[in-house]
Amino acid sequence: MARHLITSAIPYINGIKHLGNLVGSQLPADLYARYLRGRGHEVLFLCATDEHGTPAELAAAKAGKPVADYCAEMHDVQAEIAAGFRLSFDYFGRSSSPQNHALTQAFAGRLADMGLIREVVEEQVYSNADGRFLPDRYIEGTCPNCGFESARGDQCDNCTKQLDPTDLIDARSTISGSTDLEVRETKHLYLRQSALKDDIAAWIGSKTDWPILTTSIAKKWLNDGDGLQDRGITRDLDWGIPVKKGTEDWPGMEGKVFYVWFDAPIEYIACAQEWVDAGKGADWERWWRTDKGADDVTYTQFMGKDNVPFHTLSFPATILGSQEPWKLVDYIKSFNYLNYDGGQFSTSRGRGVFMDQALEILPADYWRWWLLSHAPESSDAEFTWENFQTDVNKDLADVLGNFVSRITKFCRSKFSEAVPEGPDYGPAEAELIANLSAKLADYEGHMDTMEVRKSAADLRAMWVLGNEYLQSVAPWTTFKTDPAKAAMQVRMGLNLCRLYGVLSAPFIPDASADILAAMNASDVTWPDDITEAVSALQAGHAFTVPEITFRKITDDERADWAKRFAGIRD
RNA sequence: GGCGCGGUAGCUCAGUUGGUUAGAGCGAUCGACUCAUAAUCGAUAGGUCGGGAGUUCAAGUCUCCCCCACGCCA
């Protein structure tokens, strides 16, 4: 039994995530966590909400709520939706937790002690009306180059010229529209990532088994231009973790907070502390401190490609720079984007399906299966309603659901709602067992290496083997001449239902639980041996014919949903 | 403009270090079966592997150029 620490990129607190976000981090992380638990490994699976920064402040203001209240509410909303998708976090924390405050401040203090923090005085635009410094993207004005009226503080979207906020003519705040702006000096802390470049490059270089997507992004940032740049880790905001040097005040940094991208990944560690403090775990250090038992932990992170730089460079810079025995990530599984019907999902335009909407129209398993079996691993993937409908109907309703239905109903009509008597398995069953064993090995191999789409294909192939078997031995025909033999064939079919329930659980936990409950199965452990597994249910074992496991999506529904989620809001 | 991931059957995608007639699922067509959610099983059709040039005994797989899509950055 091995120990696995798994984290999913932590979703931003502002709003509900769409299916592309889900399939890019939380869902595959959950698949992996469920699989490893199923195999009997010890797993700690953590996720949290990422709560700091300007967007959270603005969203709270828009909602007319104090930012702390807003975040608390949205955390609960996201937690509820995550539960709806059956995301099996051991703990769903918050980056605004007291634990993360203390740990982030401790890291900053330690990095300062190691000489890796420098103070920089810079000029930034301050909005008197808003009472705050404005990040470049919250400033708009007329481009001095082309005259475009909605150029942003960092760049003109019309002529693409790179700009400084002070270049803009009639600059205004996009928050309030106010033109009462001024340039003020402000002091910030920078993490000297440039000093850690060689360490990080050596570490990345040692990860030869990582996905190309992960390492190519990391190497680009390491080597482009002047190489890895020092990064500002503080901001002039109210909402965030106050800048402190450990537990001490940081002279000159009063009223400032750490930048969200500094404290967010530290929450991975703080989340484990929250898990313990909430009474759900006993010891977080044995997962995170290599001097306290974490040296045998395998740590895997899941994220979309946009998060890769922060997980391959920024967070490792924090860890490596501290020179403390923190656990570094062993494997980063990154994903491309899921497109929606030929374009992007769009939060602002309401285009695509969001997590809460998805659960309103169909159970979680439908989404889990389709999204995972089409995970954007090697390139961006494409969601269309036509594909979703045909794939889900075929795979879940016809291949798996109908298999359970046909065998249980046949048994009930010809025998009873109990596994019938019959002889031992024969040659046809031996062949089936051999095929299943081979496919199970493929399935486990692909799950071990987190090849999500291939794992889904292997699982489906095992479902198909059951249908092939029934079709070939045809118990409905056998029954006419040799009822005892037919009973044996039915016994195999019922045992396959139980087996599918066990093996399918990482992908479709609810349906698996339903099947196992219908089969009245007490043993749900992962099979070591298929021969044994298909003998688990013995003659006389009572079962029930389950309700329809997966109903089909109709053409009307598909058309209706395609229209509903096309994005008419503006 | 620079960089990155891609461009393989109607659709969604696989194709290890270059090596026999390029694969899967869906869809289509035909057949079998009738236990089942008009389900299942089998068979067949369908691709000049974005375009061009090159290296090689041999290239979807390597090199160069070009085109297209998406993304990131400045």
Side-chain angles (χ1 to χ4, degrees), chain A residues 20 136 154-157 159-164 211-226 229 304-309 334-344 370-371 373-415 442 445-446 449 451-461 463-480 486 489-490 493-494 497 545-554:
Chain A
D136 291 352
D154 49 355
Q155 171 182 30
C156 174
D157 286 334
C159 70
T160 75
K161 183 178 173 59
Q162 180 192 352
L163 300 171
D164 214 43
I212 295 170
L213 181 66
T214 305
T215 49
S216 67
I217 292 173
K219 286 175 180 171
K220 173 188 182 313
W221 283 61
L222 274 169
N223 301 320
D224 256 24
D226 298 327
Q229 297 298 299
K305 59 185 172 184
D306 51 330
N307 272 331
V308 168
S334 56
F335 290 85
N336 289 285
Y337 293 142
L338 179 68
N339 289 322
Y340 180 81
D341 203 16
Q344 294 182 319
W370 194 88
L371 291 170
S373 62
H374 295 76
E377 293 180 292
S378 59
S379 64
D380 289 353
E382 184 77 17
F383 176 93
T384 66
W385 286 104
E386 288 75 14
N387 280 339
F388 178 69
Q389 181 195 21
T390 57
D391 292 344
V392 162
N393 284 352
K394 186 73 179 179
D395 298 347
L396 297 180
D398 295 346
V399 176
L400 176 62
N402 181 57
F403 176 82
V404 174
S405 179
R406 68 193 293 203
I407 191 64
T408 52
K409 286 180 179 170
F410 181 75
C411 184
R412 180 174 64 185
S413 87
K414 299 299 186 203
F415 301 98
D442 291 343
H446 286 137
T449 52
E451 292 181 80
V452 178
R453 296 175 86 129
K454 289 180 179 175
S455 301
D458 293 332
L459 177 60
R460 195 195 120 104
W463 300 339
V464 168
L465 284 173
N467 282 312
E468 281 176 18
Y469 169 76
L470 283 190
Q471 205 63 36
S472 112
V473 301
W476 48 90
T477 303
T478 315
F479 185 77
K480 295 170 185 166
Q489 293 164 344
V490 168
L494 294 170
C497 291
V545 174
E547 297 298 308
I548 291 288
T549 316
F550 293 100
R551 71 168 185 84
K552 293 198 184 191
I553 297 168
T554 66

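Every chain is numbered from 1, with letters handed out A, B, ... down the list of sequences.
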Ignoring hydrogens and angles, does a donor from either the side chain of A:Asn402 or the base of B:rA36 sit under 3.5 Å from an acceptor on the other?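 Per atom types, the contact qualifies.
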Please compare A:Leu470 and A:Tyr337 by the position of their nearest nucleotide in RNA chain B and report the one closer to 5'.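 That would be A:Leu470.
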Distance flag, aromatic centroids of A:Phe403 and A:Tyr469, threshold under 6.0 Å: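 No, they do not, as the ring centres are separated by 6.0 Å or more.
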Every protein N/O within reach of nucleotides 26-32 of chain B N/O, cut-off under 3.5 Å:
| unit_1 | atom_1 | unit_2 | atom_2 | d |
| --- | --- | --- | --- | --- |
| B:rC26 | OP1 | A:Arg460 | NH2 | 3.4 |

Atom-pair distance ([atom1] on [X]; [atom2] on [N]), nearest Å:
X        : N      : atom1 : atom2 : answer
A:Glu382 : B:rC5  : CD    : C1'   : 16 Å
A:Lys552 : B:rU37 : NZ    : P     : 11 Å
A:Asp380 : B:rU12 : CG    : P     : 13 Å

Show me the protein contacts with nucleotides 42-46 of chain B, counting only N or O atoms at under 3.5 Å.
| unit_1 | atom_1 | unit_2 | atom_2 | d |
| --- | --- | --- | --- | --- |
| B:rG42 | OP1 | A:Glu468 | OE2 | 3.3 |

Should A:Lys454 be listed as having a side-chain N or O under 4.0 Å from OP1 or OP2 of B:rC13?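 It does not, given that no N or O in the side chain of A:Lys454 lies less than 4.0 Å from OP1 or OP2 of B:rC13.
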Which nucleotide in the set B:rU34, B:rC13, B:rA39 lies at the smallest distance from any side-chain heavy atom of A:Asp398?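 Selected nucleotide (nearest to the side chain): B:rA39.
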Please classify the nucleic acid contact of A:Thr549 as base, sugar-phosphate, or nothing, using heavy-atom distances under 4.0 Å.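 Base contact - A:Thr549 has a heavy atom under 4.0 Å of at least one base atom.
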Taking any heavy-atom pair under 4.0 Å as a contact, classify A:Phe479: base, sugar-phosphate, or nothing.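 No contact.
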With A:Arg551, which residues qualify under salt bridge (Lys or Arg N to Asp or Glu O under 4.0 Å), at least two apart?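 Expected list: A:Glu557.
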Tell me every residue that passes salt bridge (Lys or Arg N to Asp or Glu O under 4.0 Å) with A:Asp391, counting only those two or more places apart in sequence or in another chain.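 A:Asp391: no salt bridge (Lys or Arg N to Asp or Glu O under 4.0 Å) contacts found.
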Of all the base pairs, Watson-Crick or G-U under 3.5 Å, which form stems of three or more consecutive pairs involving RNA chain B?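 Detected stem regions: B:1-4 with B:70-73, B:10-13 with B:23-26, B:28-32 with B:40-44, B:50-54 with B:62-66.
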Indicate the atoms forming the closest heavy-atom contact of A:Ile553 with A:Val392, along with that distance.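 Heavy atoms only, the tightest pair is CD1-CG1, 4.1 Å.
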Kindly state each residue pair satisfying salt bridge (charged side-chain N to carboxylate O under 4.0 Å, His left out) with at least one member in residues 393-405 of chain A, sequence neighbours excluded.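 For residues 393-405 of chain A: A:Asp395-A:Arg460, A:Asp398-A:Lys552.
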